[in-house]
Peer 1: 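The structure under discussion is supplied below as structure tokens; questions concerning it will follow.
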Amino acid sequence: MTTMTIEQAGLMLTDPLSYTDEDRLHEALTLLRRTAPVHLVRASGFQPFYAVTRHADIMDVERDGALWLSEPRPALASADSDQANRSGTVRTLVNMDDPDHRVVRAIGADWFRPRAMRALESRTRELARAHVDRLAGLGGQCDFAADIAAHYPLYVILSLLGLPESDFPRMLQLTRELFGAQDAELGRAEGKDSRMGVLLDFFTYFQELTAARRAHPTGDLASAIANAVVDGKPLDDVETMSYYVIIATAGHDTTSSTIAGGLQALLANPGELARLRAEPDLLPTAVDEMIRWVTPVKEFMRTASADTVLGGVPIAKGESVLLSYPSANRDDQVFSDPFRFDVGRDPNHHLAFGFGAHYCLGAALARMETRALFAELLPRLESIEPAGPPEWTATVFVGGLKHLPVRYRLRA
Ligand code: HEM
């Protein structure tokens, strides 16, 4: 029996701390799915929105990009930030609707197709191996989330962009500050204006990169972005910067969270860890199960372009819905035994990558690099166990474990 009301459950979606307590979060989401799957949330400091918690309703919204627009409110933010976002500091793919969205998405799309993934695979395996070596070098005990998982995906994505390895630490710091901004430990110290400061640093860095790649294209993703032409014109400064920002940020904490959370799920389910080690062919299904289990992107939003009805609830033109991916991924209408972590789960129709026109551009990359890390790690492990309680990032957008203390022995 839950002690929470529907109102309290809805309000939890606006509180970054809700995502640091998974049991309580899922108690709230289960309550909403069962009793109020399209629920109006009125929280102080936020414009009202409907929380959409069932898998089927989220699919209905994502499927119809003409009715449900990403602009002007692509993700949950305070009412003040919603207002500021309208001035268009950053306009990335996730903010856009067709026809612009289709054209801009096409600029980077080739770099995420299977051919490009195959080309990147051996470099990714090298990076994975280097990170397992790093684990070995840490001497048998470490914070797997902060010491290993936080670094590796950024190195992969920066390799795809074509940035020099000497710039990786700076990018690591900036992306963590941008996405961890709601977490007291990870955000920048100076408070309210910090997001703008981080964005400015990003802009400066990528402005220099664009100039360099325009002068001397080098055949990497950064060169494709710098030299893209739409309607006979290059992208303007904001569009170019926004592309780098979405690639560098979307490709990072999402996959780090999956890798750290995936290992934590294996530690909490030693039978599944043993099964995966005995049957490495299960890695592809295990990786998708990790992604479902962790669901690092907590929500995106859409706004109705016309009066409509969703899950039996009338929604007026201009009203917004929040798509709760963690909730969709525990929906017992779609997943048998949804709270069981099953490395062989198949089919696994999770919505962690979204669905429809905005379906994650980096999904194949995220799967490939997560697979590569575990393919390198699992055979080298002699033993591994928790060395303290895991800790989750406070966020309402993207995140997962920020600390995962582990004790381990690796083969040389
Ligand atoms: C496990 C890791 C990841 C998860 C869970 C994830 C999740 C998501 C989700 C939920 C969306 C929005 C989908 C929607 O609105 O329907 C998205 C969009 C996007 N993701 Fe990922 N992502 C991951 C990794 C990556 C990586 C590695 C990249 C590489 C750069 C990436 C790049 C993007 C981009 C560019 C978009 C915007 C696509 C658009 O709006 O058209 N993501 N992702």
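Each ligand, and each atom within it, is numbered from 1 in the order the structure gives. Positions are given from 1 along the sequence.
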Peer 1: Compute whether any side-chain donor of one residue and acceptor of the other, for Thr303 and Arg73, lie under 3.5 angstrom apart.
Peer 2: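 Note: Thr303 and Arg73 side chains miss the donor-acceptor criterion.
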Peer 1: Which ligand 1 atoms are under 4.0 Å away from a heavy-atom of Phe112?
Peer 2: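 It comes down to these atoms of ligand 1: 29 (C), 30 (C).
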Peer 1: Give a yes-or-no answer on whether the side chains of Asp220 and Thr218 include a donor-acceptor pair shorter than 3.5 Å.
Peer 2: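 On atom types as modelled, these side chains qualify, holding a pair under 3.5 Å.
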Peer 1: To the nearest 0.5 Å, what is the distance between OG (Ser159) and CZ (Phe168)?
Peer 2: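 Between Ser159 OG and Phe168 CZ, I get 4.0 Å after rounding to 0.5 Å.
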Peer 1: Mind checking whether Ile246 contacts ligand 1 via backbone (N, CA, C, O), side chain (CB onward), both or neither, at a 4.0 Å heavy-atom cut-off?
Peer 2: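 Answer for Ile246: side chain.
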Peer 1: Do we get Arg170 above Tyr205's six-membered ring, with its NZ or CZ under 6.0 Å from the centre and within 45° of the axis?
Peer 2: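 Not satisfied by the 6.0 Å and 45° rule.
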Peer 1: Considering heavy atoms of the protein only, find what lies nearest to atom 12 (C) of ligand 1 and give residue, atom and distance to 0.1 Å.
Peer 2: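 Here the closest protein heavy atom is Phe300 CE1, 3.3 Å.
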Peer 1: Without hydrogens or angle criteria, can the side chains of His350 and Asn329 be said to hold a donor-acceptor pair below 3.5 Å?
Peer 2: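 No, no side-chain donor-acceptor pair sits under 3.5 Å.
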Peer 1: So which of Ala75, Cys360, Ala366 gets nearest to atom 20 (N) of ligand 1, if we judge by its closest heavy atom?
Peer 2: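 Comparing heavy atoms across Ala75, Cys360, Ala366, the nearest one to atom 20 (N) of ligand 1 lies in Cys360.
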Peer 1: Among all protein heavy atoms, pick the one closest to atom 6 (C) of ligand 1 and tell me residue, atom and distance.
Peer 2: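 Heavy-atom neighbour on the protein nearest atom 6 (C) of ligand 1: Phe353 CD2, 3.6 Å.
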Peer 1: Just checking, any donor-acceptor pair under 3.5 angstrom between side chains of Thr30 and Arg33?
Peer 2: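 Their side chains do contain a donor-acceptor pair, which is all the 3.5 Å distance test asks for.
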Peer 1: For ligand 1, which atoms sit closer than 4.0 Å to a heavy atom of Ile247?
Peer 2: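 Ligand 1 atoms under the 4.0 Å threshold to Ile247: 30 (C).
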Peer 1: Near Ile157, which atoms of ligand 1 are under 4.0 Å from a heavy atom of that residue?
Peer 2: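 The list of qualifying atoms is 29 (C), 30 (C).
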Peer 1: Considering only protein heavy atoms, which is closest to atom 13 (C) of ligand 1, and at what distance to one decimal place?
Peer 2: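 So the nearest neighbour among protein heavy atoms is His358 O, 3.2 Å.
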Peer 1: Which residue and non-hydrogen atom of the protein lie closest to atom 34 (C) of ligand 1, and at what distance in Å?
Peer 2: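 It is Leu361 CB, 3.8 Å.
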Peer 1: Using heavy atoms and a 4.0 Å limit, tell me yes or no: is Ala352 in contact with ligand 1?
Peer 2: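 So Ala352 counts as touching ligand 1.
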Peer 1: I need the nearest protein heavy-atom contact for atom 37 (C) of ligand 1: residue, atom name and distance, please.
Peer 2: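 Going atom by atom, the protein heavy atom closest to atom 37 (C) of ligand 1 ends up being Val94 CG1, 3.7 Å.
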Peer 1: Assess Arg330 against Phe339: is NZ or CZ under 6.0 Å from the centre of the six-membered ring, and within 45 degrees of the ring's axis?
Peer 2: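 Because its charged atom sits under 6.0 Å from the ring centre and within 45° of the axis, Arg330 does stack over Phe339.
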Peer 1: Can you classify the ring geometry of Phe202 versus Phe206 as parallel (below 30°), tilted (30 to 60°) or perpendicular (above 60°)?
Peer 2: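 Rings of Phe202 and Phe206: parallel, as their planes differ by under 30°.
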Peer 1: Is any N or O atom of His101, backbone or side chain, closer than 3.5 Å to an N or O atom of ligand 1?
Peer 2: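 Between His101 and ligand 1 (N or O atoms, distance only) the closest approach is under 3.5 Å.
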Peer 1: Is atom CZ of Arg42 surrounded by more than 12 heavy atoms (other residues, nucleotides or ligands) closer than 6.0 Å?
Peer 2: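 No, because the 6.0 Å sphere around CZ of Arg42 holds 12 heavy atoms or fewer from other groups.
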Peer 1: What's the shortest distance from atom 26 (C) of ligand 1 to any protein heavy atom, and which residue and atom give it?
Peer 2: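 Protein heavy atom at minimum distance: Gly251 CA, 3.4 Å.
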Peer 1: Answer with yes or no whether His252 contacts ligand 1, where contact means a heavy atom under 4.0 Å from a ligand atom.
Peer 2: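 No; His252 lies far enough from ligand 1 that no heavy-atom distance drops under 4.0 Å.
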Peer 1: Looking only at side chains, do Arg54 and Ser327 share a donor and an acceptor under 3.5 Å apart?
Peer 2: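 Their side chains do not contain a donor-acceptor pair, so the 3.5 Å distance test is not met.
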Peer 1: Can you list the atoms of ligand 1 that are under 4.0 Å from a heavy atom of Pro296?
Peer 2: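 Going through ligand 1 atom by atom, the ones under 4.0 Å from Pro296 are 5 (C).
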Peer 1: Are Asp288 and Thr285 linked by a side-chain donor-acceptor pair shorter than 3.5 Å?
Peer 2: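 Judged by distance alone, the side chains do not pair up.
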Peer 1: Which protein non-hydrogen atom lies closest to atom 38 (C) of ligand 1, naming both residue and atom, and how far is it?
Peer 2: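 The answer is Arg105 NH1, 3.4 Å.
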Peer 1: Under 4.0 Å from a heavy atom of Glu62: give me the atoms of ligand 1 that qualify, with their elements.
Peer 2: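 The atoms of ligand 1 under 4.0 Å from a heavy atom of Glu62 are 14 (C), 15 (O), 16 (O).
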Peer 1: Tell me, which protein residue and heavy-atom name are nearest atom 1 (C) of ligand 1, and how many Å apart are they?
Peer 2: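 For this ligand atom, the closest protein heavy atom is Thr258 OG1, 3.3 Å.
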Peer 1: Which atoms of ligand 1 sit under 4.0 Å from any heavy atom of Arg302?
Peer 2: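 Near Arg302, the atoms of ligand 1 are 14 (C), 15 (O), 16 (O).
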Peer 1: In terms of side-chain geometry, is the basic nitrogen of Arg123 or Glu165 positioned less than 4.0 Å from the acidic oxygen of its partner?
Peer 2: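 The answer is yes: the pair qualifies as a salt bridge.
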Peer 1: Just by distance, no angles: are the side chains of Thr53 and Ser324 close enough, under 3.5 Å, to form a donor-acceptor pair?
Peer 2: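 The answer is no; no qualifying pair exists.
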Peer 1: If you count the atoms of ligand 1 from 1 in the order shown, which ones are under 4.0 Å from a heavy atom of Tyr325?
Peer 2: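 Taking each heavy atom of Tyr325 in turn, ligand 1 has 10 (C), 14 (C), 15 (O), 16 (O) under 4.0 Å.
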Peer 1: Using a strict cut-off of 4.0 Å, indicate which atoms of ligand 1 neighbour a heavy atom of Gly354.
Peer 2: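 In order of number, 10 (C), 13 (C), 14 (C), 16 (O).
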